[in-house]
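Just so it is clear: chains get the letters A, B, ... in the order the sequence lines come, proteins before strands, and each one is counted from 1.
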Protein chains: 2
Amino acid sequence: MAARTQALSRERIVGAAVELLDAAGESGLTFRALSAQLRTGPGAIYWHVANKDELLIAATDAVLAPALAVGGADDTPQEAIRAVAVAVFDAIDGHPWIGSELSRASLQPAMLRIFERIGRQVQALGVPVAAQFAAASALRNYILGVGVQNAANARAAQPGADRTELLETAAGVWASLDPGEFPFTRAVAGQLSGHDDRVQFLDGVDLILAGIAGLRPPQ
Amino acid sequence: MAARTQALSRERIVGAAVELLDAAGESGLTFRALSAQLRTGPGAIYWHVANKDELLIAATDAVLAPALAVGGADDTPQEAIRAVAVAVFDAIDGHPWIGSELSRASLQPAMLRIFERIGRQVQALGVPVAAQFAAASALRNYILGVGVQNAANARAAQPGADRTELLETAAGVWASLDPGEFPFTRAVAGQLSGHDDRVQFLDGVDLILAGIAGLRPPQ
DNA sequence: ACCTGAACACCGTTCAAGT
DNA sequence: ACCTGAACACCGTTCAAGT
């Protein structure tokens, strides 16, 4: 069968939006570019999607929802939390625009999914009910903070750069700061360029998990 | 002396930008609105500021730098870290646009200031050198995550709403989620509307501080 | 019900021309 | 050195008109 123009649908629109965002970043997604790729007019998209915000939220969820389907049934709660954290980290690494998008709407489905996944494991850890909300929030906020930070790093650099190059650049800026005003930041600049930020991200998760462990009543 | 048109300057431009952002949010800052308020043409601003990104970074730093000048000399490291965290939290509460802006550029001065302040206190806590970077990063990432989240909440609601109203709205959404898919989020929805999110923010800081305490070698 | 594409009301940014 | 403001190259979104 010959290739034929497919009918427009919300799914096709969201899929094309993800492609544009991956290929050209946040500024690459315009209704004109999107409608050109879909071989239609810009107005057609509005029949399936209310506006650009809704499109961005849908694109974020389309990438994150499958990424969050990780972790075996026999994981410990700590392992399951690390698995969620790594899934979000890697999704943002592969699609930096997600990092900025997650920070635009707090009740978007992707954010709720992350919170829910973490919260169940916090329950499984035996954290008292009154402290579960704070514990799950702390983990989610940390993960969101790292993701946003990494997305900003990626946006600041040239499109092709990988994480190692980004860290080199940041290390250079840190090392050139005023020693009187930024002694600490300068002192740790060396660690920045050598380290694996994925490992350090998980160290931070473990730090919070260690704090959460202290919330558990003595058995 | 009669009021007279002041000469344009970077400071006046940044000050007017902060006023516009506070009054009308991120979408309120345009070069046309800004130049109208400064009684000049849009092109004049470009003599003092390279572009809109630089203007936003300068506006963020103009609000955060003085806010970070808190804390007495006799604070414990923990107290000093909490003071920095609260300063950032309150600055974002009063100027929600800062929350989004902080997430746009990782090497901007406001972000570096926060990291430096926290890092010095982490040193003072006696954390081993090799772990200082991870500890300071974890705290900064958590603070950034909360700030971004709160800014998103504020943007989602009507301009006048205070934090209590925002939480009520979120609690309503959470309570209406599918029980099969979101049991944890639904279960804690009740805690959301009753609690003080400023207190809970500090609970999260304490959680990380507790984890960091475990990094200290036994004396 | 769904698509078309011109038109509207904006943007950030540039730049020749002024003082 | 600094300011002016028209103009350029875009945006998101709407809507009459089509099928």
Side-chain angles (χ1 to χ4, degrees), chain A residues 3-60 62 97 100-101 103-105 108 152 155-156 159, chain B residues 3-60 62 97 100-101 103-105 108 152 155-156 159:
Chain A
R4 219 163 21 110
T5 306
Q6 273 187 277
L8 219 48
S9 70
R10 193 181 157 94
E11 275 174 41
R12 271 192 74 223
I13 291 171
V14 172
V18 169
E19 275 179 44
L20 275 171
L21 288 163
D22 285 345
E26 290 153 81
S27 64
L29 179 63
T30 69
F31 277 77
R32 280 166 181 79
L34 188 57
S35 61
Q37 179 148 333
L38 293 167
R39 295 173 201 293
T40 179
I45 296 165
Y46 283 89
W47 184 262
H48 303 272
V49 160
N51 51 43
K52 192 173 182 179
D53 268 350
E54 190 187 299
L55 180 57
L56 280 166
I57 288 172
T60 302
W97 51 271
S100 343
E101 184 43 34
S103 66
R104 290 174 50 93
Q108 66 179 304
R155 186 175 30 229
Chain B
R4 219 161 22 111
T5 307
Q6 274 186 276
L8 219 50
S9 70
R10 195 182 157 93
E11 276 175 40
R12 272 191 75 222
I13 291 171
V14 171
V18 169
E19 276 179 44
L20 276 172
L21 288 163
D22 285 345
E26 289 152 82
S27 65
L29 179 64
T30 69
F31 277 77
R32 279 165 182 78
L34 189 56
S35 60
Q37 179 150 333
L38 293 167
R39 296 173 201 294
T40 180
I45 295 165
Y46 282 88
W47 185 262
H48 302 272
V49 161
N51 52 43
K52 193 173 182 178
D53 268 350
E54 190 188 298
L55 181 57
L56 280 166
I57 287 171
T60 303
W97 50 272
S100 342
E101 184 42 35
S103 65
R104 289 173 50 93
Q108 66 179 303
R155 187 176 28 232

Rounded to the nearest Å, what distance is computed from the CG atom of residue Leu34(A) to the P atom of nucleotide dG5(C)? 16 Å
Hey, which of these two, Ser9(B) or Arg32(B), hits DNA chain D nearer its 5' end, going by closest nucleotide? Ser9(B)
Within the 4.0 Å heavy-atom criterion, would you say Leu29(A) contacts the bases, only the backbone, or no part of the nucleic acid? sugar-phosphate
Length of the CD-C1' vector between Glu26(B) and dC11(C), whole Å: 16 Å
Using whole Å, what does the distance between atom C1' of nucleotide dT13(D) and atom CG of Leu55(A) come to? 14 Å
Lys52(A) vs Leu29(A), side chain to side chain contact (heavy atoms under 4.5 Å, CB included): CA-CA, chis, key distance, verdict: CA-CA 9 Å; Lys52(A) 192 173 182 179; Leu29(A) 179 63; 4.3 Å; yes
What is the pairing partner of dA1(D), taking Watson-Crick or G-U wobble pairs with both distances under 3.5 Å in any strand? dT19(C)
Cut-off 3.5 Å, side chains only: do Thr60(B) and Arg104(B) have a donor facing an acceptor? no
Closest nucleotide among dT13(D), dG12(D), dG12(C) to the Thr30(A) side chain: dG12(D)
Spacing between Tyr46(A) atom OH and dA17(D) atom P, to the nearest angstrom: 21 Å
If you draw a 6.0 Å radius around CD in Glu11(B), do more than 12 non-hydrogen atoms from other residues or ligands fall strictly inside? no
Determine: side-chain N/O of Trp47(A) to OP1/OP2 of dC2(C), distance under 4.0 Å, yes or no. yes
In whole Å, I'd like the distance from the CD1 atom of Ile13(A) to the C1' atom of dC3(C). 11 Å
Restricting to non-hydrogen atoms, name the atom on Glu54(A) and the atom on Asn51(A) that form the minimum distance, rounded to 0.1 Å. N-OD1, 3.0 Å
Nearest-nucleotide 5' precedence on DNA chain C, Pro42(A) against Ala50(B): Pro42(A)
Correct closest heavy-atom pair for Gly28(B) and Leu20(B) would be O-CD2, 4.1 Å
Length of the line joining Ile45(A):CD1 and dG5(C):P, which is rounded to integer Å: 13 Å
Atom CZ of Phe31(A) and atom C1' of dC10(D) are separated, to the nearest Å, by 16 Å
Whether His48(A) contacts dC3(C) is assessed here as follows: a side-chain N or O lying under 4.0 Å from the phosphate OP1 or OP2. Is that the case? yes
Should dC8(C) form a Watson-Crick or G-U wobble pair with both distances under 3.5 Å, which nucleotide is its partner? dG12(D)
Quickly work out the Lys52(A) NZ to dT13(D) C1' distance and round it to whole Å. 12 Å
